[in-house]
Amino acid sequence: MTAPFLPFTRPSIDEETIAEVANVLRSGWITSGPKVQAFEAALSDYCGGRPVRVFNSGTATLEVALRLAKVGAGATVITTPLTWVATANVILEVGATPVFVDIDPVTRNIDLDLLDDAITAETRAVIPVDLAGLPVDRDRLYAIAAKHNLRVIEDAAQAFGSQWHGKPIGSSGDFVSFSFHANKNLTTGEGGALVLPADIDPALCERLRLQGVKRFPDGSMDVDVLGGKSNLTDIAAAIGLGQLKHLAAFTERRRALARRYFERLDPSLGLELPPANFENSNWHMFQPLLPDGTDRGAFVAAMKERGIGVGVHYPALHLFSLYRKLGFAPGDFPVAEDIGRRTVTLPLFPAMTDDDVERVVEAVKKCLANR
Ligand SMILES: Cc1ncc(COP(=O)(O)O)c(C=O)c1O
């Protein structure tokens, strides 16, 4: 019997959550309502009491954070070229200019040694990304931001469940943005959450999320700011509430699976493994780099033939046509380009078994031997 296809990720949704979703569907109120409020309260609790507002994506959260930080035309925003393209797209969306800083070859996150030199009089904000859930060094990051009076919008889309100095990412810092996309460690199908700093009015954040509408107790309304439409539904919030109960167990299981990969992937294969961080990372993804000269497309296809899904997260984004049109070119960020060419995402999700890891490791061995 051939083993079933093993995807690189798969959400774990329990029966209790499915029943809760059904309850919402039967309740007569399916858009933003009591479940959204309960989800926001639970997330705020998780983030040490900081205000949290939920959205229909982790892209909307980033865009609203930029607007709340008053970043727009004439401003530049610094970020990493090795991230999901959403991180840079939102900078363009608000009319600002993205400036990329190459990545650290070890952490694969923005290289903080290069950050200082990239800051100019036009720089308003920095968007660090915790790739694969490995946190950017928050101590160094915030020291640099404070020195230059910059706002920080943490793109922690992949870092829900990660920690810094033993505290959850989200419990400190400036703006912190999470994604609850289907692949994330905690999912609502699609969704996101924005943790707000103390100087930002949560009511303004709510208006930016829903057409700028301000409602008064007498039933009247006004619109005093241009808002979009990015509220989360109660259906999605019910999923998020169900997921939160398992977050600690999910993270623990992911860490155990990652450890197993480290134990089982033989150094002679020539793979470059990610930093073995079991303290801070939530192991959102397990991403070895293929040996130089490996045809990644052929490797991914060969793994698929063996029933194993492999992802690519991500090619360096400044080489996408849209960004080349803005003037970016090959050679601009050599570390991101090299890692973007060689990275692969192996299966890692809480429901995976130890035997699944064995299966992946054996397939990797065979596919690399045949290259
Ligand atoms: C680093 C990063 N930033 C932003 C996003 C955007 O989140 P969403 O897909 O929820 O809009 C993602 C989602 O994949 C991401 O991984």
Side-chain angles (χ1 to χ4, degrees), residues 7-11 36 39 43 52-67 77-94 98 100-101 103-104 107-110 125-136 141 152-162 169-170 173 175-195 208-209 228-233 235-237 239-240 243 254 274 281-287 311-318 320 322-323 336 339-340 343 345 348-349:
F8 74 81
T9 190
R10 185 195 294 147
V36 160
F39 189 34
L43 290 169
V52 180
R53 293 297 178 271
V54 293
F55 289 75
N56 61 8
S57 77
T59 304
T61 48
L62 290 171
E63 187 182 328
V64 166
L66 284 167
R67 293 190 191 285
V77 178
I78 297 177
T79 192
T80 163
L82 199 77
T83 175
W84 178 226
V85 68
T87 312
N89 282 354
V90 292
I91 300 171
L92 295 174
E93 201 68 59
V94 300
F100 299 110
V101 164
I103 57 167
D104 177 313
T107 64
R108 308 172 190 174
N109 287 329
I110 192 166
V126 55
I127 309 185
V129 176
D130 304 316
L131 193 69
L134 180 70
V136 171
L141 171 75
V152 177
I153 296 160
E154 298 180 20
D155 184 350
Q158 302 181 5
F160 198 77
S162 298
I169 292 294
F175 294 92
V176 184
S177 168
F178 294 114
S179 165
F180 301 140
H181 170 262
N183 285 353
K184 299 298 187 283
N185 290 27
L186 181 144
T187 187
T188 56
E190 297 284 356
L194 183 62
V195 188
L208 292 183
R209 164 175 84 174
K229 178 72 168 74
S230 50
N231 54 308
L232 192 75
T233 66
I235 304 166
I239 303 173
Q243 290 269 286
R254 284 175 175 276
S281 178
N282 65 359
W283 288 99
H284 171 56
M285 294 188 281
F286 187 83
Q287 301 180 295
V312 172
H313 307 92
Y314 303 92
L317 78 87
H318 65 286
F320 289 141
L322 176 70
Y323 288 85
I339 292 181
T343 188
T345 305
L348 197 162
F349 52 90

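Because only heavy atoms are used, hydrogens play no part in the values below, and waters and symmetry mates are left out as well, while side chains stay in. Note that the numbering runs from 1 along the sequence shown for the chain. Both ligands and their constituent atoms are indexed starting at 1 by order of listing.
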Approximate separation, where rounding is to 0.5 Å, of Arg108 CZ and Asp130 CG: 14.5 Å

Distance in Å, Ile103 CD1 paired with Ile110 CD1, rounded so as to fall on 0.5 Å steps: 10.0 Å

Atoms of ligand 1 close to Thr59 [distance to a heavy atom under 4.0 angstrom, numbered from 1]: 6 (C), 7 (O), 8 (P), 11 (O)

Numbered atoms of ligand 1 (with element) below 4.0 Å of Val129, judged on heavy atoms: 1 (C)

Considering only heavy atoms, does [X] approach ligand 1 within less than 4.0 Å through its side chain, its backbone, both, or neither?
X: Gln158; result: side chain
X: Thr87; result: side chain
X: Tyr314; result: side chain

Asp155 side chain to Thr87 side chain, donor-acceptor N/O pair below 3.5 angstrom: yes

Side chains of Thr345 and Gln287, donor plus acceptor under 3.5 Å: yes

Any nitrogen or oxygen of [X], side chain or backbone, less than 3.5 Å from one on ligand 1?
X: Ser179; answer: yes
X: Lys184; answer: yes
X: Thr83; answer: no

For [atom], the protein heavy atom that lies nearest, with its residue and separation:
atom: atom 15 (C) of ligand 1; value: Ala157 CB, 3.5 Å
atom: atom 8 (P) of ligand 1; value: Gly58 N, 3.4 Å
atom: atom 12 (C) of ligand 1; value: Trp84 CD1, 3.6 Å
atom: atom 3 (N) of ligand 1; value: Asp155 OD2, 2.6 Å

Whether Phe160 and Phe178 hold their rings parallel, tilted or perpendicular, with breakpoints at 30° and 60°: perpendicular

Pair Phe39 and Phe180, ring centroids less than 6.0 Å apart: yes

Test of ring centre spacing under 6.0 Å for Phe349 and His284: no

Validation row: Thr83, Leu317 side chains within 4.5 angstrom (heavy atoms): yes

Leu62, Thr61, Val64 screened by side chain to side chain contact (heavy atoms under 4.5 Å, CB included) with Ile153, the one that passes: Leu62

Ligand 1 contacted by Gly191 (non-hydrogen, < 4.0 Å): yes

